[in-house]
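As a basis for the values below, the full set of heavy atoms in this structure was taken, side chains included, without hydrogen atoms, waters or symmetry mates. Each chain gets a letter, A, B and so on, in the order its sequence line appears, and its residues count up from 1.
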Amino acid sequence: MPPKREATDDLSSLRQKSRYDYLAKREEVKLAELRQQVQEEAEEERTNPTLSKRELEQFARNRTTLQLAEDRARIDQTSSSGFFIPDSQFDDKAELLHKKHIPGPNLPHTSEFQQWEDDQISRSLAKNRHARTGTTREAEDDYEFVFDTTTAPQWTSDSDGQILDPEKQRLQTQLDEAELKIKTIDETRRALPIFKYKEELIAAIRDHQILIISAETASGKSTQIPQYLKEAGYTAQGCIACTQPRRVAAMSVAKRVSEECHVRLGRDVGYTVRFDDRSGPDTVIKYLTDGMLLREMTHDVTLSRYSVIILDEAHERSLSTDILAALLKDLVTVRSDLRLIISSATLDAKKFSSYFRDAPVFSVPGRRFNVQKYFTAQPEANYLTSSISTAYQIHLSQDKGDILLFLTGEEEIEAAATSIEETARKIGNRAQELQVRKLYGALPADEQAKCFEPTPPGCRKLVIATNIAETSLTVDGIRYVIDCGYTKENQYNPRTGMEALCVVPASRASVNQRAGRAGRQSDGMAFFLFSKHSYWNELPENTVPEIMRVNMASVCLTLKSLGINDLLNFDLMDKPPPEALAQGLELCYTLGALNQEGQLTKVGRSMSVLPLEPMSARVLLAAEKFGVLDECITIIAMVSESASLFMRPKDKKVHADAAHKRFAAKEGDMLTYLNVWREFEDSEYSNLWCKENFIQYRTINRARDVRTQLESLCERIGLEPSSNPTDHIAIRKALLSGFLPNAARLQRDGQSYRTLKNGLTVYIHPSSGLMEARPRFVVYSELVLTSKEYMRNVFEIDGQWLSEIGPMLYKQSDIEKLGLEKKMPKGQGKVGIDGQ
DNA sequence: GAGCACTGC
């Protein structure tokens, strides 16, 4: 039997071979090529005086790259390599698994893993036997020699951290970056799955005015198709527009394409999103958010400057994409020169095709890795606890790779994170470290950023996220996805005007998308915390499109301003409930945006210019009359972002509440916002001030952007600037003019309110400053159904104002009658005027 | 006396 030292070396060299030999060889060849290239470039630079600046820069870059690569090669020769795994690591895991410290759902394992687990346990027992008989060394040797590198999962230990010194890591990163650049952009483009179909694709677009492209993610469609079209000459008479449902996507794709085309962003290739326009007269490939293209249509109904419109990610069915699709379907019959491309996921292509008059479907395969899906045998009673134990099962039994756990909201995520960290403390150093990271929209930006930090060697990262990680944000290095199978969905009831955020089963499309997050860089695994039966029988096939479950008022106004008069017969892919449309139209009429014939009025025209809900837009028009435009712009901007304005960390609730109380205005929350804004302005928009006062910096900054935009739009629609900071009566009257249908009156019990319009029983939200005062008449900006029916953003009004400002809605006599005579529903007694 | 999935103009 060989001595131990040699055994260790043997093992490590074996492992090194399997992992690094080919890498080293590849690098050697690459280095030689690079040396040659740099030499040739140097020669060229010396002899050719007509080189462009770009070429010279490229040469310089290549020289730096070579330098780095040679440094790296030197370090490699001097550093000792080793991927030895201390057996204690295995021992601990085996013990853990053997004793089954972690209870969990009956997770289906791969058979190899099962085999490995059994082996580990028996080996561990054997080793202990050896230890007891005093043959420790033999035991160790024995253990290392039976270790089979081909079947056992590759565990790494803390010692990896000591092997890689920071300097080497830094160089490695730089080298990786440089390597990416060596691979010329053209090469990358050619490697995309879509490249093979380039000619066919161009031909298809030439032959068909509408084309559905069904392509999987990572096929390169968003970046390549506009470039192919440009090469095919479609930019000669017009511009190519490519819509994205999200701002960041529009911006990053535009940046990428401008690099591929070797042009400066904002010239030939640009993007347009709200608050940020980087496009100009030369722009021929323009990425924009779907909402932005819709807004452009209100200025130019035929989109005359565009020759091609690409609706990207149409399968996500965002509100704007759906409306655009309907408008464009119409537009192509008028503009025969316009090409329309709808890009969607494979599953929905058929639906899009039949909607667009049986347009042909062009399929492009993607470049995704395989994700193995696992279901639970039985439905899980509590997805929160089973998701936690599943995470631990993966952590203790599976190969390297980070875990992504989908839960429904902030509360669950915080609870899960606390519980997992507690368990981690109990296990201590018997398992490798598990870093828990949280990810949800309301999380402050610096906390969010922690998810994207690379996982240190010897650690595993567990990201607990909401839907935000499904499409909006991508975490690298995920190999395992755990999905609770539920989502929070906003449901709007057009009859009552109430919103509710409900936990509902996620759709099959959604859970598949989530599972796909495990297969971005290598093969992955997805663990669904529901049974296969539920998957097919309880999960809806697709998420209900946004247009089916939102307030239609804003949509009505937009469509009317585009000259669509018959909304009920407007050819949308999925038609919203007629009730919702009727309610939307009615509101527009109440606000004076539509006349009795349902035509857009002058007021309505002005309102449609403002990127706001109709009620908020109406406030600004009224504010001019009351001479408080400046104040109302601030308030409306803050209200539109109010949901996550005040921060309330769990551990500092008392401090936060105290800080927020300072801003409270006795007339109501709307004036509280005004106070917050004024102090923020006085602090010169300071981040520190926000921290001290528990205000979300990100949110208030967005409100600042909205405010600036509204200011300039108000000027454009001809509103006279005015300000009167102390006249709180005028401010509230202006607000009432917009939120007119949202008035409520205190009921006899002195607790609840009754909405004047629908007679619903509602309550002031406990976060409101008017919670204790409970004035007789209040107005709110929205109704939310949580544990109770709550009014949010409440302010006090005088009952007299209702008939003064909204005589068509409220008659003074009615209001008085309501107080004295009208009976409550269900015979609960009379509504009295309290305090009298 | 209590919660806020995610976008977008």
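- The separation between Ile468(A) atom CD1 and dG8(B) atom P is 10 Å, rounded to whole Å.
- Applying the side chain to side chain contact (heavy atoms under 4.5 Å, CB included) criterion to Ile478(A), with sequence neighbours excluded, gives Asp402(A), Leu404(A), Val475(A), Val481(A).
- Of the side-chain N and O atoms in Thr466(A), one or more sit less than 4.0 angstrom from OP1 or OP2 of dC6(B).
- Ser644(A) comes within 4.0 angstrom of nothing in the nucleic acid, heavy atoms only.
- Out of dC9(B), dA5(B), dA2(B), the shortest distance to the side chain of Pro611(A) is found at dC9(B).
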Show me, pair by pair, the donor-acceptor contacts under 3.5 angstrom made by side chains of residues 540-547 of chain A, not counting sequence neighbours?
| from | atom 1 | to | atom 2 | distance (Å) |
| --- | --- | --- | --- | --- |
| Thr543(A) | OG1 | Ser507(A) | OG | 2.9 |
| Glu546(A) | OE1 | Leu319(A) | N | 2.8 |

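- For Tyr486(A), the ring pair (Phe, Tyr, Trp, His ring centres under 6.0 Å) partners at least two apart in sequence or on another chain are Tyr383(A).
- Residue contacts for Tyr763(A): at a heavy-atom cut-off of 4.0 Å it reaches no nucleic acid atom on any strand shown.
- Across all strands, Ser472(A) comes closer than 4.0 Å only to sugar-phosphate atoms, never to a base (heavy-atom distances).
- Ring planes of Tyr790(A) and Tyr763(A): perpendicular class, angle over 60° (limits at 30 and 60°).
- Of the candidate nucleotides dG8(B), dA5(B), dG1(B), dA5(B) has the atom nearest to the side chain of Glu410(A).
- Residues passing the ring pair (Phe, Tyr, Trp, His ring centres under 6.0 Å) test with Phe646(A) are His660(A), sequence neighbours excluded.
- At the heavy-atom level, Arg246(A) lies under 4.0 Å from the strands shown only through sugar-phosphate atoms.
- Nearest nucleotide to the side chain of Val273(A), out of dC6(B), dG1(B), dC9(B): dC9(B).
- No engagement by Val784(A) is indicated, since no non-hydrogen atom pair under 4.0 Å with the nucleic acid exists.
- For Asp657(A), the side-chain atoms get nearest to dA2(B) when compared with the rest of dG8(B), dA2(B), dC4(B).
- Among dT7(B), dC4(B), dA2(B), the nucleotide with an atom closest to any side-chain atom of Lys488(A) is dC4(B).
- Nearest-nucleotide positions on DNA chain B place Glu489(A) closer to the 5' end than the other of Ser640(A) and Glu489(A).
- Sorted by first and then second residue, the pairs that involve residues 778-792 of chain A and meet salt bridge (Lys or Arg N to Asp or Glu O under 4.0 Å), not counting sequence neighbours, are Glu782(A)-Arg792(A).
- Looking at residues 287-297 of chain A, you'll see Thr289(A), Gly291(A), Met292(A), Arg295(A) sit with a heavy atom under 4.0 Å from some atom of DNA chain B.
- Remark: Arg549(A) fails to qualify as a cation-pi partner of Tyr492(A) under the 6.0 Å distance and 45° angle criteria applied to the six-membered ring.
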